[in-house]
Undergrad: 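Once you've had a glance at the structure underneath, I'll fire off some questions.
No experiment lies behind these values; they were computed from the predicted model shown. The sequence lines fix the lettering, A, B, ..., with proteins before strands; numbering per chain opens at 1.
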2 protein chains.
Amino acid sequence: MKHKDINCDNCFISKSSVFTVLTDEEKNIIRQNHSCTHYKKGEIIYKEGDKPTGLICLSDGKVKIYKEGVGGREQIVRMAKPVGFIGYRALFANENYIASALAIEDSTVCNIDKKILFEMIHRNTEFASNIIKSLATELGFSNNRTVTLTQKHIRGRLAESLLFLMDTYGFEEDGKTIRVYLSREDIANLSNMTTSNAIRTLSTFASENIISLDGRKISILDVRALGKVSEMG
Amino acid sequence: MKHKDINCDNCFISKSSVFTVLTDEEKNIIRQNHSCTHYKKGEIIYKEGDKPTGLICLSDGKVKIYKEGVGGREQIVRMAKPVGFIGYRALFANENYIASALAIEDSTVCNIDKKILFEMIHRNTEFASNIIKSLATELGFSNNRTVTLTQKHIRGRLAESLLFLMDTYGFEEDGKTIRVYLSREDIANLSNMTTSNAIRTLSTFASENIISLDGRKISILDVRALGKVSEMG
DNA sequence: TTAATTTTGTGCTGTCAAACATAAATTCTT
DNA sequence: AAGAATTTATGTTTGACAGCACAAAATTAA
């Protein structure tokens, strides 16, 4: 279910966007060659195996990027927030998507035509450099994650995921509640463990006064302790 | 132990290099701003935490890129072959190295000055595009690996590693012996398992006539079966 | 409201792979 | 060549975590 003509100016305005290095003229070219789409919570933006048609910029909402592994077991690879790109890896590698994207909240995205994007890369070398830097940073993140997920124990993995969510989405006004509301299953799929173990370990953290739980609301009471658990297990 | 003035023309000549899109003039600029270094088997090229000084191109030899994880446990992130780049991720992300590089065979590398490289990216957009594509491909590889290493069982992980080594380094003249000679420990660190389990599982594969073993020589007798084990466990 | 479905929570059991122990074979030293 | 050190090999023990079963709570549907 897609609604056309929705505002996603966010993508062009935000200072945290890779687009900041574009000239006004270049920004206009992109503006003239983009379309906006809205996705309701739970809707799929693209699926593993699909062919990318352009660059997708998340203007508003939250999106999980996940891969289907052995026996359909899901592994969340990345969590996207506005303003950030989605599906750019496959686009730049000239491959089909190797992961799927799903809106975990109502989300608005901006689609930028592939051809225009590549033109821009050739036109503006600063822009190209920014993309190179983003990809390199993301690759470092992925390499770290590989080691974390394979070597840390359950407690460490979960603690790291909570810190990651905190870093990515920040806190609500109370300064402690993580600004994202995931199911226990999603938390498990982010941390490479079963849902039961995610639930169990979250409860343990709560009983140790490291976090507090209220449904899907997770509040971090002791960042330091959480960091320690993430490091030491 | 580094020896200066060693030939690494390979890096500029090879058609599989990202440098192919450079003009002769650009190639000369790089040639004039490079230095060659030789490393003996077992020598470290750079260590996790070091600051990159330039782009390193592996002209000859074989190199493993690995991270130290929990309790010093090593995870091999990547295996490099000529002609290929090493340590470019940290350079492009403008970070310190997050992994170490070690020559597993006598190796010759070519060091290209950081400043010259970035100039080249700004000069030649085709070159920049190539780098973007390489990074995006590598990121896909890393994401796949994360899922593989966390979800597949020992047999599947080892089978995948053997296929990976086969793809990367190819066969000796006999058409079946993998052209790289790793210790069982390295194979274990590539496959996220203990050395004992690598040894044990290799023996099992040999007893199933999927591979044959002769010291560090590993010959693949049944690629198909190996692929099946990699897929199914 | 009741029923159905999904999500969350908890205990129990089984198993895969790490950890440990030990020995044989190979490689490196001196 | 003898000894030390490293790598390879194999058996045994242990423990972390998955798998399963089931119950309670929350959400959605009728």
Side-chain angles (χ1 to χ4, degrees), chain A residues 40-42 64 69-75 102 104-105 147-161 180-208 211-218 229 232-233, chain B residues 40-43 64 69-75 102 104-105 147-162 180-208 211-218 229 232-233:
Chain A
K40 286 220 278 284
K41 178 177 169 175
K64 72 167 174 182
V70 178
R73 189 170 144 203
E74 179 179 314
Q75 175 64 52
L102 182 145
I104 57 166
E105 283 182 9
V147 176
T148 294
L149 291 181
T150 53
Q151 297 195 355
K152 282 190 186 174
H153 283 191
I154 279 202
R155 282 172 62 89
R157 267 152 35 212
L158 183 63
E160 189 176 284
S161 289
V180 67
Y181 301 90
L182 296 174
S183 67
R184 301 293 195 254
E185 192 180 359
D186 277 340
I187 294 174
N189 293 340
L190 182 64
S191 317
N192 182 35
M193 61 186 65
T194 54
T195 308
S196 321
N197 277 326
I199 291 168
R200 220 187 301 270
T201 312
L202 280 172
S203 298
T204 310
F205 285 176
S207 77
E208 290 167 352
I211 61 171
S212 74
L213 296 169
D214 175 14
R216 292 190 176 187
K217 266 182 167 158
I218 300 175
V229 173
M232 320 299 268
Chain B
K40 287 220 279 282
K41 177 178 171 174
E43 285 184 333
K64 72 167 173 181
V70 178
R73 189 170 143 204
E74 179 179 315
Q75 175 64 54
L102 183 145
I104 57 167
E105 282 183 8
V147 176
T148 294
L149 291 180
T150 54
Q151 297 195 354
K152 282 189 186 175
H153 283 191
I154 280 204
R155 282 172 62 91
R157 278 170 3 231
L158 183 64
E160 189 177 284
S161 289
L162 295 178
V180 66
Y181 302 89
L182 297 174
S183 67
R184 301 294 196 254
E185 193 180 359
D186 276 340
I187 293 174
N189 293 340
L190 182 64
S191 317
N192 181 37
M193 61 185 65
T194 55
T195 308
S196 321
N197 277 326
I199 291 167
R200 222 187 298 271
T201 312
L202 279 172
S203 298
T204 311
F205 284 176
S207 76
E208 290 167 350
I211 62 171
S212 74
L213 297 168
D214 175 15
R216 292 191 175 189
K217 266 184 169 157
I218 299 175
V229 173
M232 320 298 269

Undergrad: Please check if any side-chain donor atom of B:Asn189 sits under 3.5 Å from a side-chain acceptor atom of B:Arg184, or the reverse.
TA: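 No, no side-chain donor-acceptor contact under 3.5 Å.
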
Undergrad: Is a side-chain donor-acceptor pair under 3.5 Å present for A:Asn197 with A:Arg155?
TA: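 Side-chain D/A pair, A:Arg155 to A:Asn197: absent.
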
Undergrad: Between the main-chain N or O of A:Val70 and the side-chain N or O of B:Gln151, is there a donor-acceptor pair closer than 3.5 Å?
TA: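 Present.
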
Undergrad: Rounded to the nearest angstrom, tell me the gap between atom CG in A:Asn197 and atom P in D:dG15.
TA: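 These atoms are roughly 18 Å apart.
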
Undergrad: Quick one: which of D:dT10, C:dA19, C:dA17 gets closest to the side chain of B:Ser203?
TA: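 Output: D:dT10.
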
Undergrad: In whole angstrom, what separates A:Leu213's CG from D:dA25's P?
TA: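 After rounding, the reported distance stands at 17 Å.
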
Undergrad: Strictly distance-based, threshold 3.5 Å: is any side-chain N or O of B:Thr201 a donor or acceptor partner for the main-chain N or O of B:Ala198?
TA: no

Undergrad: What integer distance in Å separates A:Gln151:CD from C:dA17:P?
TA: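 Taking CD of A:Gln151 and P of C:dA17, I get 16 Å after rounding.
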
Undergrad: Expressed in angstrom and rounded to an integer, what is the separation of B:Phe205 atom CZ from D:dA9 atom C1'?
TA: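 Interatomic distance, CZ of B:Phe205 to C1' of D:dA9: 17 Å.
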
Undergrad: Under 3.5 Å, which protein N or O atoms sit close to an N or O of nucleotides 6-8 of chain C? Give each pair with its distance.
TA:
from  : atom 1 : to       : atom 2 : distance (Å)
C:dT8 : OP1    : A:Arg216 : NE     : 3.2
C:dT8 : OP2    : A:Arg184 : N      : 3.1

Undergrad: Looking at side-chain heavy atoms only, is the closest gap between B:Val229 and B:His153 below 4.5 Å?
TA: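 Not in contact.
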
Undergrad: In terms of side-chain heavy atoms of B:Arg200, which of D:dG11, D:dC17, D:dG19 is nearest?
TA: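 Out of D:dG11, D:dC17, D:dG19, the nucleotide with an atom closest to B:Arg200's side chain is D:dG11.
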
Undergrad: Any ion pair linking A:Lys64 and A:Glu105 (charged N to carboxylate O, less than 4.0 Å)?
TA: no

Undergrad: On the nucleotide C:dA17, are OP1 or OP2 found under 4.0 Å from the side-chain N or O atoms that B:Thr194 carries?
TA: no

Undergrad: Might you point out which heavy atoms bring A:Thr150 and A:Val147 nearest each other, and give the distance in Å?
TA: OG1-O, 3.1 Å

Undergrad: Return the minimal non-hydrogen interatomic distance between A:Leu102 and A:Gly42, and the atom names on each side.
TA: CD1-O, 3.6 Å

Undergrad: Atom CD1 of B:Ile104 and atom CD of B:Glu43: how far apart are they, to the nearest 0.5 Å?
TA: 14.0 Å

Undergrad: Whole Å only: how far is the CE atom of A:Met193 from the C1' atom of D:dA16?
TA: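 Atom CE in A:Met193 sits about 12 Å away from atom C1' in D:dA16.
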
Undergrad: State the CZ-OG1 distance between A:Arg157 and A:Thr148, to the nearest 0.5 angstrom.
TA: 10.0 Å

Undergrad: Quick one, B:Tyr181 and B:Ile218 - any side-chain contact, counting heavy atoms below 4.5 Å?
TA: no

Undergrad: Can you check the A:Tyr181 OH to D:dT27 P distance for me, whole Å?
TA: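 A:Tyr181 atom OH is separated from D:dT27 atom P by 14 Å.
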
Undergrad: Using the 3.5 Å cut-off, write out each protein N or O paired with an N or O of nucleotides 28-30 of chain C and the distance between them.
TA:
none

Undergrad: For B:Gln75 and C:dA18, give me the distance from atom CD to atom P, rounded to whole Å.
TA: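 Atom-to-atom, B:Gln75 to C:dA18, this comes out as 12 Å.
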
Undergrad: Can you measure A:Leu158 atom CG to D:dA16 atom P for me and round it to whole angstrom units?
TA: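 That distance rounds to 17 Å.
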
Undergrad: Anything under 3.5 Å between a protein N or O and an N or O of nucleotides 21-26 of chain C, put it in a table, one pair a line.
TA:
none

